[in-house]
S.K.: 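First the structure, then my questions, so here it is.
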There are 2 protein chains.
Amino acid sequence: MNYTRHNLDDTIVALATPNGMGAIAIIRLSGKTAISIVNQTFKGKDLTQQPSHTIHFGFILNESGEVLDEVLVSLFFAPKSYTKENVAEVSCHGSPYITAQLLQLFIRKGARLAQPGEFTMRAFLHGQMDLSQAEAVADLIASDTQRAHAIALQQMRGGFSKDIATLRQQLIDFASLIELELDFSEEDVEFADRTALKNLVTSAQQLVNSLIQSFQLGNAIKNGINTVIAGRPNAGKSTLLNALLNEERAIVSPIAGTTRDTVEEVLQINGIAFRLIDTAGIRAAQDQIEAIGVAKTMQKIEQSAMVLYVFDIIQTSPADVASDIQQLFHNHTPFLLVANKMDLNPYTKMNHYTSSLAAVGLTISPQNFIPVAAAHQMNIEWLKSCIYQTAIQQDISSDTILTNTRHVEALQKAAESLTAITQGLNTGISSDFIAMDIRQALHHLGTVTGEVSTDDLLGNIFSRFCIGK
Amino acid sequence: MNYTRHNLDDTIVALATPNGMGAIAIIRLSGKTAISIVNQTFKGKDLTQQPSHTIHFGFILNESGEVLDEVLVSLFFAPKSYTKENVAEVSCHGSPYITAQLLQLFIRKGARLAQPGEFTMRAFLHGQMDLSQAEAVADLIASDTQRAHAIALQQMRGGFSKDIATLRQQLIDFASLIELELDFSEEDVEFADRTALKNLVTSAQQLVNSLIQSFQLGNAIKNGINTVIAGRPNAGKSTLLNALLNEERAIVSPIAGTTRDTVEEVLQINGIAFRLIDTAGIRAAQDQIEAIGVAKTMQKIEQSAMVLYVFDIIQTSPADVASDIQQLFHNHTPFLLVANKMDLNPYTKMNHYTSSLAAVGLTISPQNFIPVAAAHQMNIEWLKSCIYQTAIQQDISSDTILTNTRHVEALQKAAESLTAITQGLNTGISSDFIAMDIRQALHHLGTVTGEVSTDDLLGNIFSRFCIGK
């Protein structure tokens, strides 16, 4: 480990429960003097003489002997605690006044207010968990869908850490053997079996690549997918939004140009959050406000991961649709064609559009051309399943799904080093270069799990935690 | 006890910590099956076989065997718990998603979502605390000043309950003796010593009256004191508000009539919250908006507990001040005369105002006529001490201070019954009437501590609690 350890000698304290009034609030202390600090202020049993994992009723008194609250104190003696340090949790009445008083008292008695994530950082520094597990704690608290929750929990409980740790150990063994060869370089011996190394690197590449590939899904699960609903005025964009959400949110009116502000709503499909972004209609703007609205729409499309292009089969001819497609989609953002108001002309068929769209290079199919009647909830479930399929091109059944940008970046660098090792082995490059590439791969894999970390990295990671965790 | 007991046979569950994201959230269950319900979902030790007041690490699994969270479960076996029932507290990650999942799981397993205050109501119904102590729990959580907190804590720990309980017991003894006399009414014997009864009633009246008197202070401590700042335009009301709060809040400008909306700020003096209410200047309004402002000021004065009348010693003559006083103060709202801008004319003395104000019936003194220079913080501390003295005419050093309107009303009725007993004893009224008055007094005293209560009363009291308490 090449970071300077943070100060682990002092005792930290923080409110561990959310701010505000409630039945109970918890103040948590961790460090050598955590229990003795609470004990100094506690009227009841001698807390320092009690067993770990026990709860004690009593009173917290200030320096003047005034009772601040009736409390329950939970004791966890090192190393059997979250941080592996002595931990005391003071459960008091959930009053902001009382929690402020208790915090101030414990600080006067020698504790220091904890930084965000400092309890979890101590858990990491004391080897309770690796870095990717620690990061999962924050993800777990922030998770708001079933799948985000499942992935964070999986990662917190070890997830891919074990695979990476095994891989690192094998690479370390090879690196040692190769470095041993270097010591005997004049004798031209081979301690490290080149074929076994090639096989190891190949399986390492498979693991790393499958993790990298899982990130598309993982990121979608963690952060949701921005999905723009675009189309001409009165195509039924707001109605479609409502049909998808199955509620009345956007202001729906028959007057073209009603939706000027973009409206954001979240639609959940199979545990993935699609952030649906309604937009102003695309057309030559009638006034300045509308011009701004159209520009906003174009900007939103550029920033989105997916677009639902909605058109009115009565008002918009196949040629018009083709022209819109050509105008709107310069980049590779996936999009679906949603043919609205099918109830008004059930004789319109997908194949009426085939040639016009083929002319602008688009092959349509039942998966990207979806007839609906938004106002009547017709075919909305099929649309949802197409939205999901389009966004999540491969669904990964494994629990091991990357959700963290930092991890994916480290693994991409590790993959580059692994490729360099393979190339080196194939071209019979000198052992010292191979050893260097292995060290590089080890370094990048190590940053994922925290075997390699810096103060800056730790500061950056834990500052995103809430205080008290 | 004459209430129908609420259903105490089922197990209740609620989130006990404030809503929102945090490091830790706590879900609390209370009832016969509290521990066995958690145990059914818990992967770890058999919780039902563990000692009370211990903490256990493990996992909560749903019916499909999926881990919902890593948790710590704290166990409290009846009667050694807050409610005197079996209690389990599940400490999980502070994620709204997780707490919702756990609550739903425990409800599927047979728990019922608790009503607001239901844990504390069970504590009361099982004799853990009396009703006034239970009410103090909610006050304690809501307390936001040192004194409100001290009084709530005092009341929660017994406070005046013990005095009232002793008094009730003595009255019950007398009532029994008097009712015994009624059984022997034809023999004209006296079991109850009339002199001792008179003495008891006298000391009861002293206790009850001192409690009733403490309510003025108690109410001020609990709810704060509405204090209006009134005066002519440009007298310096906003500047005075800022000087008292020692910060820039109200918009101060040299243009008369700037302050049109009333601004509320809280000033703490000796632990009492004074809600300072700035007002529009009092004068013949120039336009409709100002007319509404002036009407609002008059209304605010009528609703306030105290007024600071501010005037500019340069612009406002003693006669004008007297005229304002006569116009503004029709009722008995206490007020202070704040003579502002003394720095501009240090030769003005209080005695210049004596005769004009005497003419409108006002005797001025250094306690109600306070020269200040608000813009320069001159004499603001003295003004604060006068504000406090005026609001809190008697400061009660005792810890026993009533803060609850329900208690003061019950004690007022008890006081009436005690007066009726005294009168009955003095006029030698028949014993059965005296017995009836004693029963009345007992009834009213009993409602304070909850020996007498109804479902409606309990519902009304506990519905003001937060959920989970």
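Per chain, numbering begins at 1; letters A, B, ... match sequence-line order.
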S.K.: Step through the atoms of chain A and chain B and list each donor-acceptor pair whose separation is under 3.5 Å.
M.R.:
{"from": "A/Ala16", "atom 1": "O", "to": "B/Ala23", "atom 2": "N", "distance (Å)": "3.0"}
{"from": "A/Ala16", "atom 1": "O", "to": "B/Ile24", "atom 2": "N", "distance (Å)": "2.9"}
{"from": "A/Ala23", "atom 1": "N", "to": "B/Ala16", "atom 2": "O", "distance (Å)": "3.0"}
{"from": "A/Ile24", "atom 1": "N", "to": "B/Ala16", "atom 2": "O", "distance (Å)": "2.9"}
{"from": "A/His53", "atom 1": "O", "to": "B/Ile55", "atom 2": "N", "distance (Å)": "3.0"}
{"from": "A/Ile55", "atom 1": "N", "to": "B/His53", "atom 2": "O", "distance (Å)": "3.0"}
{"from": "A/Leu68", "atom 1": "O", "to": "B/His149", "atom 2": "NE2", "distance (Å)": "2.6"}
{"from": "A/Tyr97", "atom 1": "OH", "to": "B/Gln146", "atom 2": "N", "distance (Å)": "3.4"}
{"from": "A/Gln146", "atom 1": "N", "to": "B/Tyr97", "atom 2": "OH", "distance (Å)": "3.4"}
{"from": "A/His149", "atom 1": "NE2", "to": "B/Leu68", "atom 2": "O", "distance (Å)": "2.6"}

S.K.: If you look at every heavy atom in B/Pro18 and A/Gly20, which pair is closest and at what distance?
M.R.: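 Shortest heavy-atom separation between B/Pro18 and A/Gly20 comes out as CG-O, 3.4 Å.
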S.K.: Does any backbone or side-chain atom of B/Ala14 lie under 4.5 Å from a heavy atom of chain A? Answer side chain, backbone, both or neither.
M.R.: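 Looking at B/Ala14, nothing touches chain A.
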S.K.: With B/Phe106, which residues qualify under ring-ring contact (aromatic ring centres under 6.0 Å, His included), at least two apart?
M.R.: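 Result, ring-ring contact (aromatic ring centres under 6.0 Å, His included) vs B/Phe106: none returned.
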S.K.: If you round to the nearest 0.5 Å, how far is CZ of B/Phe76 from CZ of A/Phe57?
M.R.: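 Here the rounded value is 11.0 Å.
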S.K.: Please report the closest heavy-atom contact between A/Cys466 and B/Ala23, naming both atoms and the distance.
M.R.: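 Reported closest heavy-atom pair: SG-N, 3.8 Å.
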S.K.: For B/Ile24, is it the side chain, the backbone, both or neither that has a heavy atom under 4.5 Å from a heavy atom of chain A?
M.R.: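 Interface part for B/Ile24: both.
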S.K.: Heavy-atom pairs under 4.5 Å with chain B are the metric here; pick the option from A/Val137, A/Leu68, A/Leu75, A/Ile467 that has the most.
M.R.: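 With the most close heavy-atom pairs to chain B, the winner is A/Leu68.
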S.K.: Please rank B/Gly468, B/Pro51, B/Ala16 by heavy-atom pairs under 4.5 Å with chain A and give me the top one.
M.R.: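 Looking at each option in turn, the highest pair count goes to B/Ala16.
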S.K.: Give, as side chain, backbone, both or neither, the part of A/Leu15 having an atom under 4.5 angstrom from any heavy atom of chain B.
M.R.: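 Nothing of A/Leu15, per the 4.5 Å heavy-atom cut-off to chain B.
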S.K.: Can you tell which part of B/Ile98 gets under 4.5 Å to a heavy atom of chain A, answering side chain, backbone, both or neither?
M.R.: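 The side chain, not the backbone.
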S.K.: Where on A/Ala142 is there a heavy atom nearer than 4.5 Å to chain B: the side chain, the backbone, both, or neither?
M.R.: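 Interface part for A/Ala142: both.
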